[in-house]
J.: 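Have a look at the structure that comes next, please.
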Amino acid sequence: MSDLIQYDATDLIAKVSSGAVSHREVAEAYLERIAEKDGEIGAYIHCDPELVRRTADARDKAGAGPLAGLPVGVKDVIDTVDMPTGYGSAAYEGCQPYWDAPCVTQSKAAGALIMGKTVSTEFAMASSGKTRNPWNLAHTPGGSSSGSCAAVAAGMALMAFGTQTAGSIIRPASYCGVVGYKPSFGLLEPAEIKVLAHSLDTLGLVTRTVRDAALTASVLAGGPGLALSGDLPSAPKVGLFRTPPFDPAEPATVAALDLAVARIEAAGGTVVEIDVPDTFITTHDLHAAVMGWEVSRALSHERAALWDQLTPVTRDFLTEKARIDAPAYDAARAALPKVAADLAEAMADVDVLLAPAAPGTAPEGFASTGAPMFNTPWTLLHMPALNVPALMHDGLPVGVQVIGRVGEDAKTLAMAAFIETCLDTPFDALRGHP
């Protein structure tokens with residue numbers, strides 16, 4: 001295995017920018033890794049080695065950009081002009097867009113190497129694809145950003161795009177032992193991405209480290225302040241938030257939270273338990289109403305013209321969502337300001353919240369990609385959230401979730417980096433190459 005695979009994104013970009021490493025060398029190292037591992041993991045739905053090599057050679061002639069040499073996986077619900085985009089569905093297999101989504105255009109312009117398209121569940125919903133969990137092939141990688149999280153976990157990309165409408169970045173990131181960053185709603189441009197729910201869909205990033213997520217976001221969002229260039233917080237105040245209903249939290253998730261609390265306090269931080277506002281429990285029903293109404297309309301063509309080509313899981317999902325009517329949707333939207341205000345009051349004295357990222361480790365089998373109940377509230381409320389890997393339990397990783405206020409992405413990233421340092425889970429030790 002090439003030594004280049006061992007570098008995190010920040011260090012690799014620096015080496016390519018300095019001329020110490022060429023784009024072509026990075027391309028060959030990652031293509032070798034994909035050839036070695038992806039046959040069993042199945043993170044990529046499309047990878048064209050010759051396209052990657054031609055792109056790398058062109059990058060070497062053009063010079064280095066701010067994401068020089070960054071190997072990127074693009075989730076298969078994101079349009080690409082030079083690779084097919086199937087939206088995770090057999091109904092669109094081989095579909096070739098006439099354009100790149102803005103996030104792909106921006107990545108290319110910044111010098112990144114697009115390694116291929118990563119597997120998504122069908123339309124980024126619930127029907128599993130071919131991807132397996134790199135830590136244990138008998139377990140799901142989670143969804144819907146299945147291939148993106150598995151590719152980064154297995155050393156087949158250093159950054160991959162994910163999308164989240166419920167829990168599709170944070171949960172699989174926890175299952176695969178990588179950093180998943182769901183920014184504040186709209187921070188990264190979501191155009192030319194298959195729409196599920198226009199007021200929930202959020203483009204995000206999967207990386208090895210919080211620092212890598214911050215650097216990449218700073219380039220793609222045009223916000224230099226997002227990058228972690230200074231010292232990390234020295235004495236943050238963190239609110240422990242036991243997202244209701246908390247009963248589904250398994251021993252692995254409880255242990256991850258307990259470990260994070262102990263390590264934060266040992267490093268000079270303060271952790272206080274947040275009293276969950278009474279209105280917060282409604283977020284699950286509110287999310288279901290908003291997503292149900294919007295998904296049913298966003299996928300009108302699929303429901304009307306492609307129904308027989310969809311998987312049974314997707315058809316069942318859409319049938320359930322279609323039960324939401326306009327009054328229920330309007331009522332849910334009207335209830336959101338009160339929920340947000342109550343939560344803002346509850347977390348007024350803390351910098352960020354610490355909460356479960358997933359119910360536990362990745363479930364065995366592929367009938368389900370796991371439950372998003374610990375993620376949907378933060379997606380609904382448009383708040384930035386990160387999964388930070390915490391520990392291994394029975395050979396599988398589990399993380400904790402760090403949540404910040406809307407628009408405070410720079411602060412949330414810095415706090416997550418502090419917690420990552422407290423947990424001391426460097427990639428080679430925990431998230432190494434399964």
Side-chain angles (χ1 to χ4, degrees), residues 75 77 87-89 91-92 120-129 142-146 162-172 182 184-186 190-191 193-204 243-245 248 279-340 342-343 358-359 367-383 385 406:
K75 187 176 178 179
V77 295
Y87 310 117
S89 176
Y92 288 95
S120 171
T121 61
E122 190 166 38
F123 307 133
M125 292 192 298
S127 185
S128 296
S144 64
S145 303
S146 314
T163 62
Q164 181 159 310
T165 307
S168 291
I169 295 173
I170 301 298
R171 188 178 74 262
K182 183 199 77 66
S184 291
F185 181 78
I193 298 173
K194 183 67 172 172
V195 176
L196 281 188
H198 65 267
S199 69
L200 299 174
D201 294 349
T202 308
L203 176 65
T243 314
T279 53
F280 191 88
I281 191 63
T282 66
T283 55
H284 302 288
D285 289 339
L286 297 180
H287 179 276
V290 172
M291 184 175 179
W293 180 256
E294 293 184 0
V295 164
S296 297
R297 275 131 197 86
L299 298 186
S300 291
H301 175 70
E302 287 76 11
R303 294 171 63 212
L306 302 176
W307 188 255
D308 291 341
Q309 299 179 54
L310 308 182
T311 66
V313 171
T314 296
R315 292 199 297 264
D316 289 348
F317 188 93
L318 289 174
T319 298
E320 176 196 355
K321 296 303 179 187
R323 294 172 182 155
I324 301 298
D325 59 16
Y329 175 69
D330 292 341
R333 297 276 294 182
L336 282 175
K338 171 63 173 171
V339 176
D342 288 349
L343 180 62
S368 168
T369 60
M373 82 274 289
F374 290 136
N375 315 121
T376 51
W378 318 115
T379 308
L380 177 72
L381 295 168
H382 294 172
M383 300 167 76
V406 176

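What you see is a predicted model; the values in this text were computed from it and never measured. When a residue number appears, it is its place in the shown sequence, counting from 1.
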J.: Could you pull out the closest heavy-atom pair between Gly292 and Ser296, with the gap in Å?
T.: O-OG, 2.8 Å
J.: Cation-pi check, Arg297 to Trp293: give yes when NZ or CZ is under 6.0 Å from the six-membered ring centre and within 45° of the ring axis, no otherwise.
T.: yes
J.: Which atoms form the tightest heavy-atom contact between Ile281 and Pro244, and what is the distance?
T.: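 Reported closest heavy-atom pair: CD1-CB, 3.6 Å.
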J.: Can you name the residues that form a side-chain contact (heavy atoms from CB on, under 4.5 Å) with Ala340, not counting sequence neighbours?
T.: Leu381
J.: Say you draw a straight line from OG of Ser89 to CG of Leu306; how long is it, rounded to the nearest 0.5 Å?
T.: 7.5 Å
J.: Is there a donor-acceptor contact under 3.5 Å linking the side chains of Thr163 and Lys75?
T.: yes
J.: Out of curiosity, Leu286 CG to Tyr329 OH, how far, rounded to the nearest 0.5 Å?
T.: 12.0 Å
J.: For Ser168, does its backbone N or O pair with a side-chain atom of Ser145 as donor and acceptor, under 3.5 Å?
T.: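 Judged by distance alone, yes, a pair lies under 3.5 Å.
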J.: Any sub-3.5 Å donor-acceptor pair from Thr314's side-chain atoms to Leu310's backbone N or O?
T.: no
J.: Quick one: pull up CG in Asp285 and NE2 in His287 and give me the separation to the nearest 0.5 Å.
T.: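 Separation between the atoms: 11.5 Å.
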J.: Looking only at heavy atoms, what is the nearest atom pair of Ala298 and Leu196, with distance?
T.: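 Smallest interatomic distance, heavy atoms only, reads CB-O, 3.4 Å.
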J.: Is the backbone N or O of Leu318 less than 3.5 Å from a side-chain atom of Arg303, with the two atoms forming a donor-acceptor pair by type?
T.: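 No.
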J.: How about Ser184 and Met383: do any of their side-chain heavy atoms sit closer than 4.5 Å?
T.: no
J.: Within a strict 4.5 Å, meaning less than it, do heavy atoms of the Thr202 and Pro190 side chains meet?
T.: no
J.: Just checking, any donor-acceptor pair under 3.5 angstrom between side chains of Ser199 and Glu294?
T.: yes
J.: Please step through side-chain hydrogen bond (donor to acceptor under 3.5 Å, both in side chains) for the pair Thr379 and Gln164, ending with a clear verdict.
T.: CA-CA 7 Å; Thr379 308; Gln164 181 159 310; 2.9 Å; yes
J.: Determine, step by step, whether Thr283 and Val339 satisfy the side-chain contact (heavy atoms from CB on, under 4.5 Å) criterion, reporting the C-alpha distance in whole Å, the side-chain angles of both residues, the deciding distance to 0.1 Å, and the verdict.
T.: CA-CA 8 Å; Thr283 55; Val339 176; 3.6 Å; yes
J.: Classify the angle between the aromatic ring planes of Tyr92 and Phe123 as parallel (below 30°), tilted (30 to 60°) or perpendicular (above 60°).
T.: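 Tyr92 vs Phe123 ring planes: perpendicular.
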J.: Thinking salt bridges, do Glu302 and Lys194 make one under a 4.0 Å N-O criterion?
T.: yes
J.: Please evaluate residues Arg171 and Thr369 with respect to the criterion side-chain hydrogen bond (donor to acceptor under 3.5 Å, both in side chains), reporting the C-alpha separation (whole Å), side-chain torsions for both, the decisive distance (0.1 Å), and the verdict.
T.: CA-CA 9 Å; Arg171 188 178 74 262; Thr369 60; 3.3 Å; yes
J.: Any side-chain heavy-atom pair from Trp378 and Ile170 closer than 4.5 angstrom?
T.: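 When only atoms from C-beta onward are counted, Ile170 and Trp378 do not touch, as no gap falls below 4.5 Å.
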J.: Does a side chain donor of either Thr311 or Glu122 reach within less than 3.5 Å of an acceptor in the other side chain?
T.: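 Result is yes, a qualifying pair exists.
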J.: Testing the basics here: between Ala371 and Pro359, what is the closest heavy-atom pair and its distance to 0.1 Å?
T.: O-CD, 3.6 Å
J.: Atom CZ in Phe185, atom CG in Leu380: separation rounded to 0.5 Å?
T.: 11.0 Å
J.: For His198 and Val295, indicate whether the former's side chain and the latter's backbone hold a donor-acceptor pair under 3.5 Å.
T.: no
J.: Starting at OH of Tyr87, measure out to CD1 of Ile193 and round the result to the nearest 0.5 Å.
T.: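 Interatomic distance, Tyr87 OH to Ile193 CD1, rounded to 0.5 Å: 10.5 Å.
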J.: Going by the salt bridge (charged side-chain N to carboxylate O under 4.0 Å, His left out) test, which pairs reach into residues 326-340, not counting sequence neighbours?
T.: Lys338-Asp342
J.: Any idea which heavy atoms bring Ala126 and Phe317 closest together, and the distance?
T.: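 Where Ala126 meets Phe317 most closely, the heavy atoms are CB-CD1, 4.1 Å.
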J.: Return the CG to OG1 distance between Leu343 and Thr279, rounded to the nearest 0.5 Å.
T.: 8.0 Å
J.: How close do Val406 and His382 get, heavy atom to heavy atom, and via which atoms?
T.: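 That would be CG2-O, 3.5 Å.
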